[in-house]
Chemist: 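To start, I am sharing the structure in question, which I have written as structure tokens.
The basis for the numbers below is simple: all heavy atoms, side chains too, and nothing from hydrogens, waters or symmetry mates. Sequence positions, counted from 1, serve as the residue numbers for this chain.
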Amino acid sequence: MDTTVKALDTNGPATAATLVATDLQPFLHDAVVTLYAPSFVISRPDGQLGGGADGFYHGDSRALSHLTVTAGSIALAPVVGGLRGADRADFRAILRGLGEVTPDPAVALNRRRTVASGRLEESFEVTNAGTQRVGFRLTVTAGTDLAPMERVKTGHAPDPVPAREEGGAGPGGSGLAWSRDGFAVRLVSEPAPDALEAPEGRLSFDVELAPGASWTATLRCTAAHADGDQFPAAPADAVPWRTPALRSADRRFDQWLDQSVADADRLRLVDPRSAEGTGGVDQFLAAGAPWFLTLFGRDSLWAARMLLPLGTELAAGTLRTLARRQGAVADPATEEQPGKILHEVRRSTQNFNEAFAVPPVYYGTVDATPLWITLLHDSWRWGLAPEQVEQLLPHTESALAWIRDQAAGADDGFLRYVDRTGRGLANQGWKDSGDAIRHRDGRLADPPIALCEVQAYAYEAARGGAALLRAFGRPGADVWEEWAEGLATRFRKRFWVEDARGAYPAVALDRDGRPVDSVTSGFGHLLGTGLLNQEESAALAARLTGPDLDSGHGLRTLSSDSVGFNPYGYHIGSIWPHDTAIAVHGLVRAGFPDAAASLAAGLLTASAGFAGRLPELFAGHGAEAGPRPAPYPASCRPQAWAAASSVLVLRSALGLDADVPGGTVTVAPAFAGAYAPLTVTGLQVGGARLAIALAADGTVNTTAPEGLTVVSA
């Protein structure tokens, strides 16, 4: 049957090309992902690697696509398996029938996995708890296609590469090796196998166990690119934040925060261009595993912004990493422009199909530039050292100039985007799948497109940029404040539309300036930015808590009342944790804590359905369809801004804000009483520790750094 599906953007489905059904994007919803960026492992719930996106990856290349264990004709019955932190996992199985003289299992296999940068270790321990001596042959089969990530994502991986036997000194001696195009992989075992078969990739061990005895073998796989890592792993002992500890009346919240921070830790990468004298190497968070384990402008900026209550070091590293790559010239092929902040960086061009390809350094994003400015402003308020802020002000001025020039180039003065390469992202906001921006009747919007949330980002960036310029004695603050007010006036005139439930802002304006009138989660990104007045904010707060958007597990990206709503649609009905967390924070900033509490409660319920590791997105069926959300099968997990959303929700619940230059820290619990008694330690403001305790009766006790006044409202 000649079934076709949409092609894949780097962050979702496009509309320009089709793929045959055999080239479908692999599903990940039941996968176990162990991570230590820039490496990770994807396996089945039983621990086996063998099919789809399974494998050990390093630097956007698949080092192993298969790593399976068998015990001859003896069936392995999986019993339990899963994560132990972010970079480790355990899997237990029973060797059915072996050594059994009663209904009780006798012989068990415990498979332990640990991943580090460029290194996978798999330990196989067999124990005999029975009363009989047992013997069998255990065989590990390894293989790889050495596929680049974009080939894996399209479901069209290359043919397997034959293994070769390779000798070597040290533990394990001889082993298996694969290599192609400067990417080399080696697998060794300790003890050495009793039989090694290449090119089949089989390592066999003859196991004999007396009653009560055990046997262990450890396989170690290493992978490396000849030219090194594009973005190396961050030092394990140089975490750029304080690790928070939350103890609340709702243990789901505690688990969510703990798992999220552990995942964020293992998403850390460093910029090899980091200059000495900046406090060490500059770190940022890779966007997510498996598809986006690299530098993404928008994702890395949002994640750093959400994590500001833990410290400013990650934000500073992210800002500097992107500033070093800030656009300097006009290049139509990459969409680079002077002052523009990039979208993503890869080792090489990603060729998905004839109609869609992304260059190694790609600037196809409209929102990363204003988000960069806002992160610098917010970092300054949370205590980033003035000298570090001042070093980045020339980049701020260049970014502001890009915003000004882009808006001036449009007839209506709004920030717009259009893919001029013909092979890049059709949509260049955070909802960047090709079918994301649509009218209420289902028609796709024609570019150039002006997104509602991007105007809010630009407004906030202009105001924040003005505050920075004024504080550091640089010219232009008044001009940017006037520009922001002009944008707000234009927005109010052009974006607002009305339906039976009242007025709301369109998700975008299309090529002809017509409102794209679908109802979306984008409302949440406008709140608290200053773009809206109180009446407008109240209207959006009511919309966000309506059942068409608030699913009970978080915000749907598209109203369920809209034509084209699809709970499995990447941006047209699914739920994104970061999107909901942004709305929660915006609602609190705008003065609607009750609405924020409802959305936060839904997200917390969803987190429990994913064992505390919220994915990039999940299906938008909602709580009425069942207590646990359905996964979006190809979603990244872990993912940076999904993990960081737990910190933003905690900040919102506590009503936490900082103004270190003004000498204050605000703690005004918005809806944290729902989780009281609550204590959180390991927060940071102005480079020093911050701790907050909220009693069941609402009493707040804050331990703040010396020199900062605690404001309660």
Chemist: Quick one: does Glu335's side chain have a donor or acceptor within less than 3.5 Å of a partner on Thr421's backbone?
Modeler: no
Chemist: What's the verdict on side-chain contact (heavy atoms from CB on, under 4.5 Å) for Leu555 and Leu544, showing C-alpha distance, side-chain angles and the deciding distance?
Modeler: CA-CA 8 Å; Leu555 279 176; Leu544 288 170; 3.8 Å; yes
Chemist: How close do Arg494 and Asp412 get, heavy atom to heavy atom, and via which atoms?
Modeler: NH1-CB, 3.5 Å
Chemist: Calculate, to the nearest 0.5 Å, the distance between atoms CG and CG belonging to Asn427 and Asp435 respectively.
Modeler: 8.5 Å
Chemist: Taking NZ, NE, NH1 and NH2 as the nitrogens, is one of them in Arg423 or Asp419 under 4.0 Å from a carboxylate oxygen of the other?
Modeler: no
Chemist: Tell me if a side-chain donor or acceptor on Thr557 pairs with a main-chain N or O of Ser574 at a distance below 3.5 Å.
Modeler: yes
Chemist: Does CG in Asp411 sit with more than 12 non-hydrogen atoms of other residues, nucleotides or ligands closer than 6.0 Å?
Modeler: no
Chemist: Short question: side chain of Gln639, backbone of Glu616 - any donor-acceptor pair under 3.5 Å?
Modeler: no
Chemist: Classify the side-chain pair Ser521/Asp579 by whether it contains a donor and acceptor separated by less than 3.5 Å.
Modeler: yes
Chemist: Is the CD atom of Glu535 crowded by more than 12 outside heavy atoms at less than 6.0 Å?
Modeler: no
Chemist: Is a side-chain donor or acceptor of Ser398 paired with a backbone partner of Pro394 at a separation under 3.5 angstrom?
Modeler: yes
Chemist: Mind checking whether Gln406 and Val366 have side chains closer than 4.5 Å, heavy atoms only?
Modeler: no
Chemist: Which value, rounded to the nearest 0.5 Å, describes the distance between Leu322 atom CG and Leu392 atom CG?
Modeler: 10.5 Å
Chemist: Taking all heavy atoms of Ala445 and all of Val516, pick out the closest pair and write down the distance.
Modeler: CB-CG2, 3.7 Å
Chemist: Do Ser260 and Val647 pass the side-chain contact (heavy atoms from CB on, under 4.5 Å) test, and can you show the C-alpha distance, the side-chain angles, and the key distance before you say yes or no?
Modeler: CA-CA 8 Å; Ser260 296; Val647 177; over 6 Å; no
Chemist: Mark yes or no for whether Thr529, through its side chain, and His525, through its backbone, hold a donor-acceptor pair below 3.5 Å.
Modeler: no
Chemist: Within the structure provided, determine whether Leu384 and Leu376 are in side-chain contact (heavy-atom separation under 4.5 Å).
Modeler: yes
Chemist: Gln326 side chain to Gly339 main-chain N or O, any donor-acceptor pair under 3.5 Å?
Modeler: yes
Chemist: List the atom of Tyr417, the atom of Ala426, and the distance in Å for their closest heavy-atom pair.
Modeler: CE1-O, 3.4 Å
Chemist: With rounding to the nearest 0.5 Å, note down the distance linking CH2 in Trp480 to CD1 in Ile403.
Modeler: 6.0 Å
Chemist: When you measure from the side chain of Tyr457 to the backbone N and O of Thr374, does any donor-acceptor pair fall under 3.5 Å?
Modeler: no
Chemist: Taking Thr294 for its side chain and Val345 for its backbone only, find out whether a donor-acceptor pair lies under 3.5 Å.
Modeler: yes
Chemist: Looking at Gly662, is its backbone amide N or carbonyl O close enough to the side chain of Arg381 to form a donor-acceptor pair, meaning the two atoms are under 3.5 Å apart?
Modeler: no
Chemist: Would you sort out whether Asp271 and Arg324 count as a salt bridge (Lys or Arg N to Asp or Glu O under 4.0 Å), showing the intermediate values?
Modeler: CA-CA 10 Å; Asp271 181 7; Arg324 293 185 187 100; 2.7 Å; yes
Chemist: Is the ring centre of Phe414 less than 6.0 Å from the ring centre of Phe495?
Modeler: yes
Chemist: Using a 4.5 Å cut-off on heavy atoms from C-beta on, say whether the side chain of Val497 contacts that of Pro505.
Modeler: no
Chemist: Examine distances only and state if a side-chain atom of Trp483 and a backbone atom of Ala462 form a donor-acceptor pair shorter than 3.5 Å.
Modeler: no
Chemist: Can we say Arg474 and Glu397 salt-bridge, meaning some charged N sits less than 4.0 Å from an Asp/Glu carboxylate O?
Modeler: yes
Chemist: Whether the Lys340 and Thr365 side chains hold a donor-acceptor pair (N or O, under 3.5 Å, no angle test) is what I'd like checked.
Modeler: no
Chemist: Is there a donor in the side chain of Thr666 and an acceptor in the side chain of Asp657, or the other way round, less than 3.5 Å apart?
Modeler: no
Chemist: Quick one, Thr580 with Ser645, criterion side-chain contact (heavy atoms from CB on, under 4.5 Å). Give me CA distance, side-chain angles, the key distance, then yes/no.
Modeler: CA-CA 8 Å; Thr580 301; Ser645 66; over 6 Å; no
Chemist: State whether Asp282 and Arg273 are salt-bridged, where the test is any N-O pair (Lys NZ or Arg NE/NH1/NH2 against Asp/Glu carboxylate O) under 4.0 Å.
Modeler: no
Chemist: Is Glu313 salt-bridged to Arg320, cutoff N-O under 4.0 Å?
Modeler: no
Chemist: So, do Pro240 and Arg268 sit near enough that their side-chain heavy atoms are less than 4.5 Å apart?
Modeler: yes
Chemist: Give me the atom names and distance for the closest heavy-atom approach of Gly434 to Leu444.
Modeler: O-CD1, 4.1 Å
Chemist: Side chains of His571 and Ser433: donor-acceptor distance under 3.5 Å anywhere?
Modeler: yes
Chemist: Answer yes when Glu336 and Arg325 have at least one side-chain N-carboxylate O distance shorter than 4.0 Å, and no when they do not.
Modeler: no
Chemist: State whether the number of non-hydrogen atoms from other residues, nucleotides or ligands found under 6.0 Å of Arg689 atom CZ is greater than 12.
Modeler: no
Chemist: Determine, step by step, whether Tyr459 and Phe491 satisfy the ring-ring contact (aromatic ring centres under 6.0 Å, His included) criterion, reporting the C-alpha distance in whole Å, the side-chain angles of both residues, the deciding distance to 0.1 Å, and the verdict.
Modeler: CA-CA 10 Å; Tyr459 178 93; Phe491 185 91; 9.5 Å; no
Chemist: Could you give the distance from CG (Leu708) to CG (Asp659), rounded to the nearest 0.5 Å?
Modeler: 9.0 Å
Chemist: Judged by modelled atom types alone, do Gln350 and Tyr362 share a side-chain donor-acceptor pair under 3.5 Å?
Modeler: no
Chemist: Pick one: which of Leu603, Leu257, Val588, Leu599 meets side-chain contact (heavy atoms from CB on, under 4.5 Å) with Val649?
Modeler: Leu603
Chemist: Determine, step by step, whether Arg298 and Glu344 satisfy the salt bridge (Lys or Arg N to Asp or Glu O under 4.0 Å) criterion, reporting the C-alpha distance in whole Å, the side-chain angles of both residues, the deciding distance to 0.1 Å, and the verdict.
Modeler: CA-CA 9 Å; Arg298 176 193 310 119; Glu344 69 176 292; over 6 Å; no
Chemist: Do we see a donor-acceptor contact under 3.5 Å between the side chains of Trp402 and Gln337?
Modeler: yes
Chemist: Any salt bridge linking Arg501 with Asp499? Criterion: basic side-chain nitrogen under 4.0 Å from a carboxylate oxygen.
Modeler: no
Chemist: Just checking, is any N or O donor in the side chain of Arg346 or Gln230 under 3.5 Å from an acceptor N or O on the other one?
Modeler: no
Chemist: Between Glu460 and Arg305, does a salt bridge (Lys or Arg N to Asp or Glu O under 4.0 Å) hold up when you go through it step by step?
Modeler: CA-CA 14 Å; Glu460 196 171 18; Arg305 189 179 180 189; 3.1 Å; yes
Chemist: How long is the gap from CZ on Arg470 to CD on Glu481, to the nearest 0.5 Å?
Modeler: 4.0 Å
Chemist: Might you point out which heavy atoms bring Leu400 and Ala461 nearest each other, and give the distance in Å?
Modeler: CD2-O, 4.0 Å
Chemist: Please find the pair of heavy atoms, one from Trp430 and one from Asp367, that lie closest to each other, and give the distance.
Modeler: N-OD2, 3.4 Å
Chemist: Applying side-chain contact (heavy atoms from CB on, under 4.5 Å) to Trp641 and Trp576, what does each step give before you reach the verdict?
Modeler: CA-CA 9 Å; Trp641 60 16; Trp576 290 64; 4.1 Å; yes
Chemist: Between atom CG of Leu558 and atom CZ of Arg440, what is the distance when rounded to the nearest 0.5 Å?
Modeler: 9.5 Å
